[in-house]
Amino acid sequence: MTLETKKSVFVELGKFLSQFSEGQSMKKSDVLYNDIFFDDFEKLIHLSQSHNGWYTPEQVYFAIQSWAEALTEENLEKWLSQYEAEFGQSEKKEKTVALILAGNIPMVGFHDFLSVLITGNKALIKTSSNDQHLLPFLAKYLIAVDENLKDKITFVEGKLENFDTVIATGSNNTARYFEYYFKDKPSIIRKNRNSAAILTGNETHEELEELGEDIFRYFGLGCRNVSKLFVPKGYSFDAFFQAIFKYQDVIHYEKYANNYDYNKAVFLMSNFKLLDNGFLTLKEDSSYASPISSVFYEYYESLEDLQKRLTTDSEQIQCIVSSNLSPESITFGETQKPQLWDYADNVDTITFLLTTK
């Protein structure tokens, strides 16, 4: 398969995904194999919550739409054009890449899956027990579009065997196991990371509202979700709480509400001082990883000192949200809309796959 052929296959997948939305999914006449896949995928979306209680239709539709917007000819061309020299190397050996995927948010491992196939390699995939259905379904669609992919995609349930390289995502604990188990293989091993926002007190209501999207999307389960706020001394959280009030319905979701009640009780029994609005607690804490339904905050003396701190802690941080207060910071409300060229942990997966022997 040529690179152009592979890109065209994923463009077709993007068109297929673009039909599905929470408001009303619309079947389009020009999408390939709708007669086989459309109805079954719509059913799978609504069954996802029975497979993983956090995968509500709203969250799954959001993930699907995000990938539909990413998988366009223009985006794929922009992403891959920077690797022309690497793609142009002759006699590049096809590798089998073992993918150990996370399942904290819907389709979280899709970028690794895409990267392996677009670079002409084989994907040997071990899905998370929390997300075992969406990616295999989309793989079937891709194979229907181009049957040459049939021998490039393998899902395994047991032990991973006969592979050349590894991309594994897990917790800090599982990462230590991965690093030992795969020590003789070229690998990308991803650990826990969290995202933070820098506030000054000058943010608009709209910006703080968008920050709520960064906090509450996927119930805060993603590494790109903001779990930590840096605020100046004397900062008042009144405007913040007013802006995020639009997300109050999150407390009506039982799993989230249970976490809110439990974590709030643990904090209070430990005599921690909390700020609380009835569906989110704020706790002053130096850590980056806050529990579900809570966000940690920390005061800073100066933006210069804060930037030094963030540089020191860079391996703990996935994204930084601000109004251009930090290099490569992300705009409010955009953390869960990464582009194809926004790599997890800032590790260029395509370069790794194209240059590793």
Side-chain angles (χ1 to χ4, degrees), residues 53-54 59 102-105 108 130 169-175 190-199 203 208-232 235-241 243-251 253-300 306 309-310 312-322 326 329-330 332-336 344-345:
W54 294 107
Q59 307 299 347
N104 49 323
I105 66 175
V108 68
N130 290 324
T169 303
S171 66
N172 290 342
N173 288 333
T174 57
R190 302 201 181 100
K191 305 176 183 179
N192 286 345
R193 290 203 182 210
N194 297 92
S195 297
I198 305 172
L199 303 180
E203 289 76 24
L208 293 175
E209 225 176 47
E210 290 298 319
L211 176 58
E213 172 70 15
D214 298 323
I215 293 170
F216 293 106
R217 175 59 59 191
Y218 302 127
F219 301 105
L221 289 166
C223 64
R224 298 180 68 90
N225 284 105
V226 168
S227 57
K228 177 68 174 280
L229 302 177
F230 288 99
V231 297
Y235 181 84
S236 170
F237 284 95
D238 290 347
F240 170 80
F241 276 128
I244 67 167
F245 189 71
K246 67 176 288 187
Y247 302 95
Q248 63 176 313
D249 287 347
V250 69
I251 199 64
Y253 182 60
E254 184 178 5
K255 287 179 72 69
Y256 182 92
N258 289 341
N259 276 269
Y260 170 80
D261 291 337
Y262 173 80
N263 290 317
K264 181 179 176 180
V266 169
F267 289 154
L268 291 176
M269 285 190 294
S270 302
N271 292 320
F272 291 127
K273 293 182 179 179
L274 297 178
L275 298 173
D276 177 24
N277 68 349
F279 60 92
L280 179 75
T281 58
L282 294 181
K283 174 178 177 286
E284 187 174 0
D285 198 299
S286 62
S287 300
Y288 287 94
S290 62
I292 296 170
S293 77
S294 182
V295 168
F296 291 160
Y297 68 93
E298 192 172 346
Y299 294 107
Y300 63 84
L306 176 57
R309 159 81 180 280
L310 295 174
T312 300
D313 295 346
S314 60
E315 291 194 0
Q316 300 180 58
I317 301 170
Q318 191 68 260
C319 306
I320 297 173
V321 178
S322 75
S326 178
S329 66
I330 295 174
F332 292 102
E334 296 296 314
T335 61
Q336 295 300 345
D345 300 4

Just wondering, do [Y] and [X] contact through their side chains at under 4.5 Å, heavy atoms?
X	Y	result
Leu280	Val250	no
Phe241	Leu282	yes
Tyr300	Pro232	yes
Pro291	Tyr260	no

(request) Specify whether Phe267 and Phe272 have parallel, tilted or perpendicular ring planes, treating 30° as the upper limit for parallel and 60° as the lower limit for perpendicular. (result)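 Phe267 vs Phe272 ring planes: perpendicular.
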Donor-acceptor contact present, side-chain [X] to main-chain [Y], <3.5 Å:
X	Y	answer
Gln59	Tyr218	yes
Asn104	Leu221	yes
Ser290	Ser227	yes
Asn225	Arg217	yes

(message) Run the side chain to side chain contact (heavy atoms under 4.5 Å, CB included) test against Ser171 and tell me which residues pass, sequence neighbours left out.
(response)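 Side chain to side chain contact (heavy atoms under 4.5 Å, CB included) list for Ser171, sorted by chain: Asn173, Thr174, Asn192.
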(message) Give me each pair satisfying salt bridge (charged side-chain N to carboxylate O under 4.0 Å, His left out) with a member in residues 280-293, each pair once, sequence neighbours excluded.
(response)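 Every pair satisfying salt bridge (charged side-chain N to carboxylate O under 4.0 Å, His left out) with a residue in residues 280-293: Lys283-Asp285.
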(request) Determine whether more than 12 heavy atoms belonging to other residues, nucleotides or ligands lie under 6.0 Å from atom OH of Tyr299. (result)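 Atom OH in Tyr299 is packed in, count exceeds 12.
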(message) Taking the six-membered ring for Trp, are Tyr297 and Phe237 closer than 6.0 Å centroid to centroid?
(response)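 Tyr297 vs Phe237: aromatic centres under 6.0 Å.
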(message) Check for me whether the distance between the ring centres of Phe279 and Phe216 falls short of 6.0 Å.
(response)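 Judged by ring-centre distance (under 6.0 Å), Phe279 and Phe216 do meet the cut-off.
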(request) Any chance you could measure Ile317, atom CD1, to Arg309, atom CZ, to the nearest 0.5 Å? (result)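 Between Ile317 CD1 and Arg309 CZ, I get 7.5 Å after rounding to 0.5 Å.
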(request) Starting at OG1 of Thr281, measure out to CG of Asn263 and round the result to the nearest 0.5 Å. (result)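 Reported value, rounded in 0.5 Å steps: 7.0 Å.
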(message) Looking only at the side chains, is there a donor atom on one of Asp345 and Gln318 sitting less than 3.5 Å from an acceptor on the other?
(response)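 There is such a pair between these side chains.
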